[in-house]
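What you see is a predicted model, and the numbers here were worked out from it, not measured in a lab.
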Amino acid sequence: MYRTSNASAALPENAYPQQLLTGFAPRLIAWQREHGRHDLPWQNTRDPYRIWLSEIMLQQTQVSTVIPYYARFLERFPTVEALAAAPDDDVMALWAGLGYYSRARNLHRCAQVVAQTHGGKFPSTVEALAELPGIGRSTAAAIASFAFGARATILDGNVKRVLARVFGVEGFPGEKRVENAMWTLAESLVPGSTASDADVSAYTQGLMDLGATLCGRGKPDCARCPFADDCVAKTTGRQRELPAARPKKTVPTRRTWMLVLLDGDAVMLEKRPPSGIWGGLWSLPEAADEAALAERAQALGASRERAAAASPLAPLAHTFTHFKLDIEPRVVELQGEAALLEANETQTAWVPLGEIDAYGVPAPVRKLLDGLRGPLI
DNA sequence: GACGCGTGGGT
DNA sequence: TACCCAAGCGT
């Protein structure tokens, strides 16, 4: 369904040397077998569940970051059925800190769909996989090729960088026109019907490995690259210009006041709405300024005096992809009068500081609360 | 088609 | 420091 035979006018397939096109897969496979990565935790298995779990976690996330999360998830949820049966909050708590939380919600929904409507078995085609929540075109191809030997191409950041350099693809890969051309090119490079399932896996892994190890953004190690002799970037000295950089955009700064409402060793958390920043996570009550924060503290049980005397903690700066957030934490301590007077739809919970791990809490909030455990209490 | 969506590592 | 952006997807 994704294969389009009409070559982009900007990037006709015959613009590339036929020898490079046909030789690409076998050379990459040979290189991967000799020099690629073979011992990552999600390799050496054809279990679609494990492969799927790793691929979702690896979306926009580096390998070293994923490894401990992957281990914890597998231990807690060894099967897709176990994951499907888990409460939302348990899934979010295990995902907390990994970012892009819609991935966790889609992961959970996907597990439920697979468990309930596919009999616990992941579908084996790219098309069927891509209909599941959180699985797009590239992730579907990764799962299908690793688990089922499907001849389908991924197109992630690694592949875009490799293709841009080796084939000299111009333009920013985030631009739709350029990305479409890269899909077409990538599809044309997939090994043919003579390739075994193991070849297909090595090919897909090789695309990732080449981009992640030799052909990184900073200083590509062209001396070890199997495509150095043919690489447009290498032969023209344009490694630094390809792929074209993302157009710069200035990120706005937002400021928020967070209420650290304590009663004994417990802090009050509230559950954020399912969409938007930190969707579905548990976080501190927020307000737009100092006065609004005091009002919230009162609404949640603090006296006027205590609310007005909220004590500041060190401001916390947090950087998102698309904006910066300056957090102004304010502490209000109750004395056994913990109450929830604020009448609204928000779920709230009093959580002992030592049990924060059981809740899905955003990374900067977690950092803030961890800092409270020693000194103040 | 452009934008919203986290966090940490690299330079 | 202040960028850049990583095994992308959903809307």
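In the model, A:N106 has a side-chain atom that pairs as donor or acceptor with a side-chain atom of A:R109 under 3.5 Å. In this model, a donor atom of one side chain and an acceptor atom of the other lie less than 3.5 Å apart for A:R161 and A:N158.
Pairs of residues two or more places apart, or lying in two chains, that qualify as salt bridge (charged side-chain N to carboxylate O under 4.0 Å, His left out) and include a residue from residues 198-214 of chain A are A:R33-A:D199, A:R37-A:D209. Within the structure, salt bridge (charged side-chain N to carboxylate O under 4.0 Å, His left out) contacts touching residues 306-326 of chain A (residues at least two apart or in different chains) are A:R306-A:E337. Each ring-ring contact (aromatic ring centres under 6.0 Å, His included) pair with one or both residues in residues 166-189 of chain A, not counting sequence neighbours, appears once here: A:Y16-A:F167, A:F24-A:F167. Within the structure, salt bridge (charged side-chain N to carboxylate O under 4.0 Å, His left out) pairs that include any residue of residues 79-97 of chain A comprise A:R76-A:D90, A:D89-A:K271 (at least two apart or interchain).
In DNA chain C, stems built from 3 or more consecutive Watson-Crick or G-U wobble pairs, each with both distances under 3.5 Å, span B:2-5 with C:8-11, B:7-11 with C:2-6.
Between the base of C:dG10 and the side chain of A:S102 there is no donor-acceptor pair shorter than 3.5 Å.
Under the rule for a salt bridge (Lys or Arg N to Asp or Glu O under 4.0 Å), A:D156 has no partner lying at least two apart in sequence or in another chain. Contacts of A:K160 classified as salt bridge (Lys or Arg N to Asp or Glu O under 4.0 Å), with partners at least two apart in sequence or in another chain: A:E179. Legend: residues meeting ring-ring contact (aromatic ring centres under 6.0 Å, His included) with A:W257, ordered by chain and number and at least two apart, are absent.
For A:R161 and C:dA6, the shortest distance from a side-chain N or O to OP1 or OP2 is below 4.0 Å. When the side-chain nitrogen and oxygen atoms of A:H322 are compared with OP1 and OP2 of B:dG4, none of them lie within a distance under 4.0 Å. Of the side-chain N and O atoms in A:T139, none sit less than 4.0 angstrom from OP1 or OP2 of C:dA7.
More than 12 heavy atoms of other residues, nucleotides or ligands sit less than 6.0 Å from atom CZ of A:R46.
A heavy-atom distance below 4.5 Å is not found between the side chains of A:R296 and A:L293.
A ring pair (Phe, Tyr, Trp, His ring centres under 6.0 Å) with A:W95 holds for exactly one of A:Y359, A:F77, A:Y70, A:F73; it is A:F73.
Rounding to whole angstrom units, CZ of residue A:F323 and C1' of B:dT7 are separated by 13 Å. The distance from atom CZ of A:F320 to atom C1' of B:dT7 is 9 Å, rounded to the nearest whole Å. Distance CG (A:L207) to P (C:dA7): 12 Å, rounded to an integer number of Å. Rounded to whole angstrom, the span from the CG atom of A:L40 across to the P atom of C:dA7 amounts to 12 Å. A:R103 has its CZ atom 11 Å from the P atom of C:dC9, to the nearest Å. Atom-to-atom, CZ of A:R105 to P of B:dG4 comes out at 16 Å; the value is rounded to the nearest Å. Rounded to whole Å, atom C1' of C:dC4 lies 15 Å from atom NZ of A:K160. For A:N158 and C:dG8, the CG to C1' distance is 12 Å, given to the nearest whole Å.
Residues from residues 26-34 of chain A placing a heavy atom under 4.0 Å of any atom in DNA chain C do not occur.
Take the nearest nucleotide of DNA chain C for A:G134 and for A:V63: the residue whose nucleotide is more 5' is A:V63.
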side-chain contact (heavy atoms from CB on, under 4.5 Å) between A:L259 and A:L300, worked out: CA-CA 10 Å; A:L259 173 62; A:L300 290 166; 4.0 Å; yes
For nucleotides 1-3 of chain B, which of its nitrogen or oxygen atoms have a protein nitrogen or oxygen under 3.5 Å away, and what is each distance?
none

Where do N or O atoms of nucleotides 8-11 of chain B meet protein N or O atoms at under 3.5 Å, pair by pair?
none

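Between C:dC4, C:dC9, B:dT7, one nucleotide has an atom nearer to the side chain of A:S138 than all others, and that is C:dC9. Here the nucleotide nearest the side chain of A:N106, chosen from C:dA7, C:dC5, C:dG10, is C:dG10.
If you check every strand for non-hydrogen atoms under 4.0 Å, A:L325 touches nothing. Nucleic acid contact for A:W42: base, since at least one base atom lies under 4.0 Å from a heavy atom of the residue. Using a 4.0 Å heavy-atom cutoff across all strands shown, A:I135 reaches sugar-phosphate atoms only and no base atom.
A distance of about 13 Å separates the C1' atoms of C:dG10 and B:dG1, rounded to the whole Å. Nucleotides C:dT11 and B:dG6, compared at atom P, are 14 Å apart to the nearest Å. Going from the P atom of C:dA7 to that of B:dC3 covers 23 Å, rounded to whole Å.
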Using residues 239-252 of chain A as the side-chain source, report each donor-acceptor pair under 3.5 Å to any protein atom, sequence neighbours left out, with the distance given to one decimal.
none

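Taking the six-membered ring where tryptophan is involved, the planes of A:H35 and A:W31 are tilted, since the angle between them lies from 30° to 60°.
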